[in-house]
Novice: 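Following this message is one structure expressed as structure tokens.
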Amino acid sequence: MKTNKLHILHCLRAPVGGLFRHVRDLSAKQAADGHQVGVIVDSLTNDSLTEGRLEALSAHLTLGLHRRSMSRDIGWRDLTAAYATATLAKALDIDVIHGHGAKGGAYGRLAASRLKANGSRVASFYTPHGGSLHYAPTSLKGRIFMALERRLARSTDGIIFESAYSADVFRRHVGSLTCSSLVIPNGLLSAEFSTHTPAQDATDIVFIGELRMLKGVDLLLEAMARVTRPAPITATIVGDGPDAALFRQTAARLGLTERVSFPGAMPAARAFPLGRVLVMPSRAESFPYIVLEAAAAGIPLIATSVGGIPEIVGGTDTKLVPPENVGALAEAIENALDHPTEAIDRAARLRLSVAARFTVDQMSSAIATFYSEIRH
């Protein structure tokens, strides 16, 4: 007979980005709190970086790390993945299936529905993490995903949004919720709060993120070309992605080749010292970890007012710039570089605010309480 400790299965597709970071931190804390935790994840993503992440994750998973084929696009493999999730959950006597992202959320809820039909008391939770919500609801993909979200909502016991922004977008795109929901922000580990120290050869600006148009690297490069200072500004663009070659071409077209470096992807903690100011010119976001991490590191931050970013800086004097506004972005960059002491002091105040409001302990505790309320 079980104690009040739970058997929890987290389901996600690709072990990358903020979604994976969330699952890693949450599952580790749940395991530390005495719960039995397992993770099911895609087997198709198998580069060396991913394998290293999964090996580190598996250390605290008493119910194991399980790999199954999970397609990025909608197709027949989805049914196979959902069936495999249900089979695994039954074998592990799971109490809570928590799906993350559009695909992980679908597999988790379909599996829970199948188990409930056979008499199981398993509870089904879902955290969207942005994902399908970035699609325009009028586009073909958007219509498909929103229809699926509406259908799957009937099989959901609780939805956890990482920001009020995500909750609002979900309701506008998908419709009124028929299940319980709660906003529980992502959190950081105490070890991540530090004081930013730029490297001796740090560039003026550092960008950290996936190199795709959604992240606005092209806007950053255009803004750099507009900034007029005695010494031309320099930048380090950290990351990789489908538009990396295009951004290099843009830098060359703007005459920035000698002033911009593209070192590839690396952990944020290693990347922060490469620049004096972090610039995040995104066209869209959900509740980005990189903003939380930048705040914790105490690096001066310039970001756009999109997604849940206003919720992170709320109540502080950190100002955001409008998205797609190259002029405003250039002005913010110039101001931060011209007044470095003010920018550093502002970053220190943001760090204190984030430390009080966004921690893994707070996040995990709130999720555990939500699990308990729904299951009872």
Side-chain angles (χ1 to χ4, degrees), residues 6-15 19-20 22-23 26-27 30 37-42 63 66 68-135 141-162 166-167 169-171 173-184 286 367 370-375:
L6 301 174
H7 285 195
I8 302 168
L9 180 65
H10 292 284
C11 181
L12 65 153
R13 190 187 69 81
L19 188 158
F20 177 73
H22 173 86
V23 172
L26 176 59
S27 60
Q30 289 173 334
V37 185
V39 169
I40 182 169
V41 67
D42 178 32
L63 297 183
H66 307 269
R68 299 290 186 274
S69 175
M70 298 179 179
S71 173
R72 181 183 182 92
D73 296 317
I74 297 173
W76 63 268
R77 283 187 182 148
D78 291 331
L79 296 177
T80 304
Y83 179 79
T85 303
T87 301
L88 176 64
K90 181 179 180 181
L92 297 176
D93 193 20
I94 293 298
D95 301 302
V96 169
I97 299 179
H98 192 155
H100 301 264
K103 278 304 184 77
Y107 301 148
R109 289 179 287 176
L110 288 171
S113 181
R114 181 183 182 89
L115 293 174
K116 287 177 181 179
N118 291 321
S120 171
R121 292 188 63 248
V122 65
S124 169
F125 291 84
Y126 171 45
T127 302
H129 295 282
S132 61
L133 301 183
H134 285 320
Y135 292 111
K141 274 193 173 181
R143 289 197 298 271
I144 292 172
F145 276 114
M146 297 316 136
L148 288 173
E149 289 285 7
R150 282 188 284 272
R151 171 64 183 83
L152 289 168
R154 303 174 207 161
S155 305
T156 311
D157 294 303
I159 300 181
I160 299 169
F161 298 103
E162 76 275 25
S166 293
V169 171
F170 192 93
R171 290 186 176 92
H173 289 187
V174 178
S176 300
L177 298 179
T178 56
C179 63
S180 297
S181 67
L182 200 62
V183 174
I184 303 176
S286 179
I367 289 174
F370 192 43
Y371 284 174
S372 179
E373 289 174 350
I374 295 300
R375 293 186 69 249

Novice: For Val122 and Val96, work out which heavy atoms get closest and say how close.
Specialist: CG2-N, 4.2 Å
Novice: Can you tell me how far apart OG (Ser166) and NE2 (His129) are? Round to the nearest 0.5 Å.
Specialist: 9.5 Å
Novice: Surrounding NZ of Lys90 (heavy atoms of other residues, nucleotides or ligands, distance under 6.0 Å), is the total greater than 12?
Specialist: no
Novice: May I have the step-by-step check of side chain to side chain contact (heavy atoms under 4.5 Å, CB included) for Lys103 and Asp78, ending in yes or no?
Specialist: CA-CA 8 Å; Lys103 278 304 184 77; Asp78 291 331; 2.9 Å; yes
Novice: Does Leu63 form a side chain to side chain contact (heavy atoms under 4.5 Å, CB included) with Ile94? I'd like the steps, not just the answer.
Specialist: CA-CA 10 Å; Leu63 297 183; Ile94 293 298; 3.8 Å; yes
Novice: So which atom in Gly101 and which in Tyr126 form the shortest heavy-atom distance, rounded to 0.1 Å?
Specialist: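 Of all heavy-atom pairs spanning Gly101 and Tyr126, the closest is O-CE1, 3.3 Å.
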Novice: Counting C-beta onward and ignoring hydrogens, is there a side-chain heavy-atom pair between Thr87 and Arg68 closer than 4.5 Å?
Specialist: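 Not in contact.
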Novice: Are Tyr83 and Leu79 close enough that some pair of their side-chain heavy atoms sits under 4.5 Å apart?
Specialist: no
Novice: Could you give the distance from CG (Asp93) to OG (Ser120), rounded to the nearest 0.5 Å?
Specialist: 8.0 Å
Novice: For a quick test of reading the model, state the closest non-hydrogen atom pair linking Pro128 to Ile159 and the distance between them.
Specialist: CD-CG2, 4.1 Å
Novice: Please give me the minimum heavy-atom distance between Ser181 and Arg171, naming the atom from each residue.
Specialist: OG-NH2, 2.9 Å
Novice: Mind checking whether His22 and His98 have parallel, tilted or perpendicular rings, split at 30° and 60°?
Specialist: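 Perpendicular: the ring planes of His22 and His98 meet at over 60°.
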Novice: Under the side chain to side chain contact (heavy atoms under 4.5 Å, CB included) rule, what do Leu6 and Arg375 come out as? Steps first, then yes or no, please.
Specialist: CA-CA 11 Å; Leu6 301 174; Arg375 293 186 69 249; 3.2 Å; yes
Novice: NE2/His100 to CZ/Arg13 distance, rounded to the nearest 0.5 angstrom?
Specialist: 15.0 Å
Novice: Is it true that a side-chain atom of Asp42 and a backbone atom of Ala14 form a donor plus acceptor pair closer than 3.5 Å?
Specialist: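 A pair under 3.5 Å: no.
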Novice: Would you please test Glu373 and Ser180 for side chain to side chain contact (heavy atoms under 4.5 Å, CB included) and show each step?
Specialist: CA-CA 10 Å; Glu373 289 174 350; Ser180 297; over 6 Å; no
Novice: Once you round to the nearest 0.5 Å, how far does NE2 of His10 lie from NE2 of His66?
Specialist: 12.5 Å
Novice: For the side chain of Asp157 and the backbone of Ser124, is there at least one donor-acceptor N/O pair under 3.5 Å apart?
Specialist: yes
Novice: With rounding to the nearest 0.5 angstrom, report the CD1 to CG distance, Ile160 to Leu26.
Specialist: 8.0 Å
Novice: Report all side-chain donor-acceptor pairs from residues 108-115 shorter than 3.5 Å, counting only partners two or more places apart or in another chain.
Specialist:
from, atom 1, to, atom 2, distance (Å)
Arg109, NE, Gly105, O, 2.9
Arg109, NH1, Thr156, OG1, 3.1
Arg109, NH2, Glu149, OE1, 3.2

Novice: Just checking, is any N or O donor in the side chain of Thr127 or Glu162 under 3.5 Å from an acceptor N or O on the other one?
Specialist: no
Novice: Give me the ring orientation class for Phe125 and Tyr371: parallel if the planes are under 30° apart, tilted from 30 to 60°, perpendicular past 60°.
Specialist: tilted
Novice: For the residue pair Cys11 and Tyr107, what are the closest heavy atoms and their distance?
Specialist: SG-CB, 3.7 Å
Novice: Can you confirm whether Ser69 sits close enough to Thr80 that some side-chain heavy atom of one is under 4.5 Å from a side-chain heavy atom of the other?
Specialist: no
